[in-house]
**Student:** 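Here it is: the structure, laid out below.
Position 1 is the first residue of the sequence; numbering continues from there.
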Amino acid sequence: MTSHFELSNEQKNIMNAAGNMLVCGGPGSGKTTVAILKARALAAQHLKPWQKIIFLSFSRSSVARIVEALSQTDHVIKHEKTLIEVDTYHAFFWRVIKSHGYLLGLPQRLSILTPSAEAIALSETRNSYGSKNKLTDQQRQQKELDEYAERERLAYTEGKLCFDLFSNLASSALCGSQKLRDLYSDSYPFIILDEFQDTDNNQWECVKALGLRSTIIALADPEQRIYDFKGADPNRLNHFNEHFQPSKFDLAAQNYRSAGTQITMFGNDVLRGRFQLESYQGITILTYPANQKNQAFAKLESEIWKAYRRLSGIGDNSWSLAILVPTKKMTRAISDYLRSTTAQMPAIRHSAYIEVEGAILAAEVIAFLLQPKALKGDFTAFVQLVCHFFKGRGGDNPTKNDLTESKNILNALEAAIKARCSGKKIRKNSIILPLLSAYKESRKIILTGDPDTDWKSIRTQLENGNCTRLKEIGAEAHNLNLSYLNRGTTLRRMLSEQWRISLSYIDALECVRRASIQDHFASSQRPETGVVVMNMHKAKGKQFDEVIIFEGWPHNWGKQYQTNPDRIARGNSATGPLYQYRQNFMVSITRAKQRTTILTPDIDPCILLDRQLLR
């Protein structure tokens, strides 16, 4: 790959420059490649024996891409590669907090609350405000304050840290201690920051603190700032220029990702809202009939098969096709559709990036049933995990029905225990009885020692049993299989090791929890292959051979308009934050290396597109 990479004049200027730098450029402009080569040169010339260069990015997929690029860079010899450390911001902040949290008054023993565990812990606080779509600005602000207060309480009283606290705590530690700043700057005299335009205020404070002694090289694309809702400041690059007075470089004219196409040109035209051409090489825009869901999904399925035939002809299995959609709900709906089979079409094998809180909590129920039965309290512990599933599966927006369900199950368990203790029978209509029956059937399954087989056996038992609540859990578990928990084999390896040692999955529940946490910090994630379905926001930092962008359609009742959900521009209305919608759209379009196909409804096409481009 990079062994034949020829530097442009601007990239040569970067290689020759010293001090703080700001390197700007669009998708595929070579920012990452030249940064790796710059890191190699710095490592060879300026590091002391105990020092390293750290390369930080927001997403694990970006980290994986950097690690892969580093491994394929022939210019960087093996010794120099060991001097370049690549990680996520979150992982770096966690190391700071774990080692030095005592400076902030945190307990000595700290643990991480995964998003699913956080959802359980904050469910009551979140639900007390009702639907977040109906909150006033004042109520929304108060809700955020209450959630933050509960996160802080969990951190300072129980030593349980949510991810959303990491940057705040790390910035407090680094800004509050010169010795700590000096320690990290002495270890990392050069810090490279990928996707810098998306840093929030706490992350920016960390950068300023470390930049007092470390040299900062920021890589940014001003047009890819899509995390305003998470606190990214539109003026962050101006802040960097004013504070660090860096050398500035612009790689906007470069395009290595989709060379030979006009994908980047089209993305930039979408951003500007002005289209230069009547058609663009590498861009296909199609409409679909939106009278009903099946017609829309059938059109999507047809385009997926066309792309599959184009890509699978490459001759290996390294190809990738992303299906990008505007909303989380749509991600799940499409994944469910592609997993289904009909007489005409087989299921399409794919992976889906859904919100994983419910899936992980479902996995915990399955993992518990893989474990040997405890001598005492086993069924009670099982029911508590089922309650956790309903309490936490809604993530940051739990429903009243789910919380009520959780409470009803616990109340039924208490009533059943009370009845048994007094020598009475459990009520025939108790919701505990189908749970107990399914639990007993699951415990009869003879395990084989193969984690895939045993996992599927338990999941199938829950899905096919007579308990509607466990059917939901079994169905949800499809969204988090063994290969997802680390994108490699972390969970499978843990379970296999346990079986090898003890002929049982003695601690399977803890394995799921540990694998979930490790997945958040994994830097060895392999690039996506095959068909991948995800929300448009999650595509940031990734790249694929082809991309299909599929948006929803207006819903009518008879001839009367009802709703217009799941659109790239919310409600397909010009009254919203159009520039932000254009940014999100542009980022999704430019994930493709060869072709981007856009599917939009014929009766109300995407307002961000020129209708003359539609087919």
**Student:** Which atoms form the tightest heavy-atom contact between L237 and C24, and what is the distance?
**Tutor:**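 Looks like CD1-SG, 4.2 Å.
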**Student:** By the salt bridge (Lys or Arg N to Asp or Glu O under 4.0 Å) test, which pairs, at least two apart or in different chains, include something from residues 562-581?
**Tutor:**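 Found K329-D566, E551-R567, R567-D604.
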**Student:** Can you give the donor-acceptor pairs under 3.5 Å from side chains of residues 205-214 to other protein atoms, not counting sequence neighbours?
**Tutor:**
residue : atom : partner : partner atom : Å
E205    : OE2  : K208    : NZ           : 3.1
R213    : NH1  : D182    : OD1          : 3.4
S214    : OG   : S185    : OG           : 3.0
S214    : OG   : Y188    : O            : 2.8

**Student:** With no hydrogens and no angle check, just 3.5 Å: does a side-chain donor-acceptor pair link R236 and N201?
**Tutor:**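 A donor-acceptor contact under 3.5 Å links the two side chains.
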**Student:** Do NZ/NE/NH1/NH2 and the carboxylate oxygens of R151 and E147 come within less than 4.0 Å?
**Tutor:**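 Judged by the 4.0 Å cut-off on N to carboxylate O distance, R151 and E147 do form a salt bridge.
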**Student:** I'd like to know if the side chain of T261 and the backbone of I263 have a donor-acceptor N/O pair within less than 3.5 Å.
**Tutor:**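 Checking the backbone N and O of I263 against the side chain of T261, a donor-acceptor pair under 3.5 Å is found.
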**Student:** Does a salt bridge link D221 with K31, judged by any charged N lying under 4.0 Å from a carboxylate O?
**Tutor:**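 Here D221 does not pair with K31 in a salt bridge, since their nearest N and O are not under 4.0 Å apart.
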**Student:** Would you call E546 and R591 a salt bridge, using N to O less than 4.0 angstrom?
**Tutor:**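 Salt bridge between E546 and R591, a charged N being under 4.0 Å from a carboxylate O: no.
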**Student:** Just to verify, which of L613, L609, V547 counts as forming a side chain to side chain contact (heavy atoms under 4.5 Å, CB included) with I598?
**Tutor:**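 The residue from L613, L609, V547 that satisfies side chain to side chain contact (heavy atoms under 4.5 Å, CB included) with I598 turns out to be L609.
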**Student:** Are a donor atom and an acceptor atom from the side chains of T287 and D602 found within less than 3.5 Å of each other?
**Tutor:**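 On atom types as modelled, these side chains do not qualify, holding no pair under 3.5 Å.
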**Student:** With a 4.5 Å cut-off on side-chain heavy atoms, are V532 and Y353 touching?
**Tutor:**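 Side chain of Y353 against side chain of V532, heavy atoms only: contact under 4.5 Å found.
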**Student:** Would F163 and W94 count as a close aromatic pair, with their ring centres under 6.0 Å?
**Tutor:**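 For F163 and W94, the ring centres are not under 6.0 Å apart.
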